[in-house]
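All remarks here apply to the structure that follows.
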Amino acid sequence: GAEIYTMDGEKLGTVKAVRAECFQVDAPMQRDYWLRADCVDGGSYGSDRVTVSFNKDHVDDFKQQMDDKED
């Protein structure tokens, strides 16, 4: 449930799930999506805030395809 922010301070959403080397973003007012864990900049999943290493206008470049049937 940690909040996810970009390097330019824009909130993307909250961590919804963690799987393998990715985490799912619970994005408000849009479809949830996955990001690779290695894009986290100095944050951790256990903290209240996670910052990713890119600006909000580059989020589409970092989205990952994940099979929603896996757990």
Side-chain angles (χ1 to χ4, degrees):
E3 294 181 337
I4 305 165
Y5 289 86
T6 58
M7 290 294 289
D8 55 349
E10 297 291 325
K11 184 176 177 181
L12 297 178
T14 57
V15 176
K16 184 174 184 177
V18 177
R19 184 185 309 159
E21 297 177 1
C22 295
F23 60 95
Q24 187 176 29
V25 178
D26 184 3
M29 306 299 288
Q30 62 179 310
R31 186 179 201 132
D32 296 347
Y33 55 90
W34 292 89
L35 296 174
R36 289 189 52 86
D38 61 7
C39 73
V40 173
D41 180 52
S44 68
Y45 298 123
S47 68
D48 291 339
R49 181 180 173 127
V50 173
T51 303
V52 292
S53 60
F54 54 84
N55 290 335
K56 189 169 185 175
D57 58 344
H58 294 286
V59 69
D60 288 337
D61 298 334
F62 291 87
K63 289 181 180 178
Q64 300 293 306
Q65 294 295 322
M66 296 289 285
D67 182 1
D68 289 334
K69 296 175 187 171
E70 287 184 17
D71 283 323

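Because the structure is a prediction, the values reported are computed rather than measured. Residue numbers count from 1 along this sequence.
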Margin query: Tell me whether Gln30 at atom CD has more than 12 heavy atoms from other residues, nucleotides or ligands lying less than 6.0 Å away.
Written below: yes

Notebook entry, point to check: What are the two closest non-hydrogen atoms of Cys39 and Phe62, and how far apart are they?
Noted result: CB-CD2, 4.2 Å

Item checked: Asp57: side-chain hydrogen bond (donor to acceptor under 3.5 Å, both in side chains) partners, not counting sequence neighbours -> none

Notebook entry, point to check: What pair of heavy atoms forms the shortest contact from Leu35 to Phe54, and how long is it?
Noted result: CD1-CZ, 4.1 Å

Checklist line | Interatomic distance, Gln24 atom CD to Thr14 atom OG1 [nearest 0.5 angstrom] | finding: 9.5 Å

Notebook entry, point to check: Minimum heavy-atom separation for Gly13 to Pro28, with atom names?
Noted result: CA-CD, 3.9 Å

Checklist line | Hydrophobic cluster identity match, Val40 and Val15, side-chain contacts under 4.5 Å | finding: yes

Item checked: Closest contact, heavy atoms only, Ala2 versus Val50 -> CB-CG2, 4.0 Å

Check: If you look at every heavy atom in Asn55 and Met7, which pair is closest and at what distance?
Finding: OD1-CB, 3.6 Å

Next item on the list: State, to 0.1 Å, how close Trp34 and Arg19 come at their nearest heavy-atom pair, and which atoms those are.
Entry: CZ2-NH2, 3.7 Å

Check: By side-chain hydrogen bond (donor to acceptor under 3.5 Å, both in side chains), which residues pair with Asp32, not counting sequence neighbours?
Finding: Lys16

Next item on the list: Quick one: pull up OG1 in Thr51 and CG in Asp8 and give me the separation to the nearest 0.5 Å.
Entry: 10.5 Å

Item checked: Sub-4.5 Å side-chain heavy-atom contact between Glu3 and Lys11 -> yes

